[in-house]
Amino acid sequence: MPELPEVEVTRRGIAPHLEGRTIANTVVRHHGMRWPVPAGLARTLQGLTVRSVGRRGKYLLLECGAPVAASKPKAAKAQTAQAAEPGPDAAPAGWLILHLGMTGSLTIVGPDVAPGKHEHFDLTAGPATLRLNDPRRFGAVLWHAASEGPPEQHPLLAGLGVEPLTPAFTAELLFKATRGRKVSIKQALLAGDVVVGVGNIYASESLFRARIRPTTAAGRVSLARYQQLVPQIRAVLAEAIDKGGSTLRDFHANGQAGYFQLDYFAYDREGEPCKVCRTLIRRIVQGQRSTFYCPACQR
DNA sequence: CAATTTACCTGGGTGC
DNA sequence: TGCACCCAGGTAAATT
């Protein structure tokens with residue numbers, strides 16, 4: 001499922017259940033994720049507080065650190081005892097890195113909810129248990145200690161492109177980064193080294209909206225066309241996040257936040273009429289992945 | 001170097 | 001009902 005919008009909706013869904021809570025227990029039922037879940041992870045996390053739930057690309061980053069000694073309300077504490085205790089700004093112990101792969105999803109469950117077949121990982125903090133379900137196990141559960149540097153230096157994060165929903169993502173950047181590249185624009189979007197978070201669905205959708213043929217070499221796409229594309233990528237991702245966010249209050253109850261989809265213009269519509277011009281949508285394969293486009297609208 | 005292929009896994013759908 | 005086969009939203013690692 002998860003492209004950037006699904007991961008972001010998941011982040012928003014789990015954050016209020018975890019932030020500020022101290023980790024009581026961690027259970028690893030299956031170490032065989034994409035990489036082995038670190039042995040001793042439970043011991044590492046035990047007693048740490050989840051300070052924040054962040055995201056970089058499709059990676060979730062739970063910043064964990066020593067708990068704040070006194071548990072007075074933050075505002076009052078900041079006035080009087082700023083330097084006395086390790087506050088939220090104190091150095092973190094590290095980051096729990098989570099990736100959902102192709103089939104991963106996270107839910108919040110209460111105590112005594114029996115784990116299902118593919119529920120490989122639990123993290124209990126306060127009354128909430130964060131539970132990872134991932135049938136295909138392409139996802140990841142990793143630990144990056146603060147002693148190894150900031151999380152952006154982690155090997156999996158170091159080479160990532162810009163966040164598409166920040167001002168750093170511009171047509172000029174996309175244009176410069178793709179000069180000389182012969183790979184198709186669709187595959188360049190997917191690669192993640194220029195911009196992160198655009199997966200197979202939203203690559204097809206944003207190219208449709210920008211009326212760009214997905215097979216065009218990235219290095220031959222003009223600045224003017226990237227100026228069309230960038231706002232469409234932003235829009236399609238933002239719409240998907242909004243749609244997911246609208247079901248967010250169900251996150252705790254049914255745990256299936258992230259299972260939402262826009263009404264696609266191109267994706268998964270092979271042989272169906274284009275919603276703009278009625279020409280039949282085509283499916284092609286690029287880099288072993290399906291691409292959908294309208295041969296009339298996209299040139 | 002960049003581009004392409006392979007590999008990691010399970011499950012659902014299709015056609016015989 | 002069984003079985004072989006194809007396909008699936010990600011992406012690092014190996015190969016060309």
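Here is how names work: the chains are called A, B, and so on, in the same order as the sequence lines, proteins then strands, and each is numbered from 1. No experiment lies behind these values; they were computed from the predicted model shown.
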How long is the line joining [atom1] of [X] and [atom2] of [N], in whole Å?
X: A:Asp193; N: C:dA12; atom1: CG; atom2: P; result: 10 Å
X: A:Tyr59; N: C:dG9; atom1: OH; atom2: C1'; result: 15 Å
X: A:Ile201; N: C:dC7; atom1: CD1; atom2: P; result: 17 Å
X: A:Arg289; N: B:dT5; atom1: CZ; atom2: P; result: 14 Å
X: A:Trp35; N: C:dA13; atom1: CH2; atom2: C1'; result: 10 Å
X: A:Gln286; N: B:dT4; atom1: CD; atom2: C1'; result: 13 Å
X: A:Lys117; N: B:dG12; atom1: NZ; atom2: C1'; result: 13 Å
X: A:Phe138; N: B:dT6; atom1: CZ; atom2: P; result: 15 Å

Under-4.0 Å side-chain N/O to phosphate OP1/OP2 contact, [X] with [N]:
X: A:Thr103; N: B:dG11; result: no
X: A:Lys182; N: B:dA3; result: no
X: A:Tyr267; N: C:dG9; result: yes
X: A:Arg283; N: C:dA8; result: yes

[atom1] gap between [N] and [M], integer Å:
N: C:dC6; M: B:dT6; atom1: P; value: 15 Å
N: C:dC3; M: B:dC9; atom1: P; value: 24 Å
N: B:dA3; M: C:dG9; atom1: C1'; value: 23 Å

From the list [options], which nucleotide is the closest neighbour of the side chain of [X]?
X: A:Arg137; options: C:dC7, C:dG10, B:dC9; answer: B:dC9
X: A:Glu6; options: B:dT10, C:dG9, C:dA12; answer: C:dG9
X: A:His99; options: C:dA8, B:dA3, C:dT11; answer: C:dT11
X: A:His118; options: B:dG11, C:dA8, C:dG10; answer: B:dG11
X: A:Gln288; options: C:dG10, B:dT5, C:dA12; answer: B:dT5
X: A:Gln187; options: C:dA8, B:dT4, C:dA13; answer: B:dT4

| task | Test side-chain contact (heavy atoms from CB on, under 4.5 Å) on A:Ile185 and A:Leu207 and set out the steps. | result | CA-CA 9 Å; A:Ile185 177 62; A:Leu207 288 168; 4.0 Å; yes

| task | Remember a base hit wins even if backbone is also touched, and classify A:Arg34 as base, sugar-phosphate or nothing at under 4.0 Å, heavy atoms. | result |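 Base, at least one base heavy atom under 4.0 Å.
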
| message | For a quick check of understanding: with a heavy-atom distance under 4.0 Å over all strands, which category does A:Leu100 fall into, base, sugar-phosphate or nothing? | response |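 Nothing, no heavy atom under 4.0 Å.
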
| field | A:Arg55 with A:Glu8: basic N within carboxylate O range, under 4.0 Å | value | yes

| request: Describe, in one word, how the ring planes of A:Tyr226 and A:Phe175 are oriented to each other, choosing from parallel (under 30°), tilted (30 to 60°) and perpendicular (over 60°). | output: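 The arrangement is perpendicular - the two ring planes meet at more than 60°.
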
| query | If pairing requires Watson-Crick or G-U wobble contacts with both distances under 3.5 Å, which nucleotide is the partner of C:dG9? | reply |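 When the pairing criteria are applied, nothing turns out to pair with C:dG9, so the answer is none.
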
| Is there a Watson-Crick or G-U wobble partner for B:dC9 with both distances under 3.5 Å, and if so, which one is it? |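 Check on B:dC9: unpaired, no WC or wobble geometry under 3.5 Å.
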
| request: May I ask whether A:Val236 and A:Phe265 are part of the same hydrophobic cluster, defined by side-chain heavy atoms of I, L, V, M, F, W, Y residues being less than 4.5 angstrom apart, directly or through others? | output: no

| Linking I/L/V/M/F/W/Y whenever any side-chain heavy atoms sit under 4.5 Å apart, do A:Leu4 and A:Val198 land together? | yes

| field | Residue met sooner reading DNA chain B from 5', once A:Gly32 and A:Arg181 are mapped to nucleotides | value | A:Arg181

| Does the side chain of A:Thr129 come under 3.5 Å of the side chain of A:Thr124 through a donor N or O and an acceptor N or O? | yes

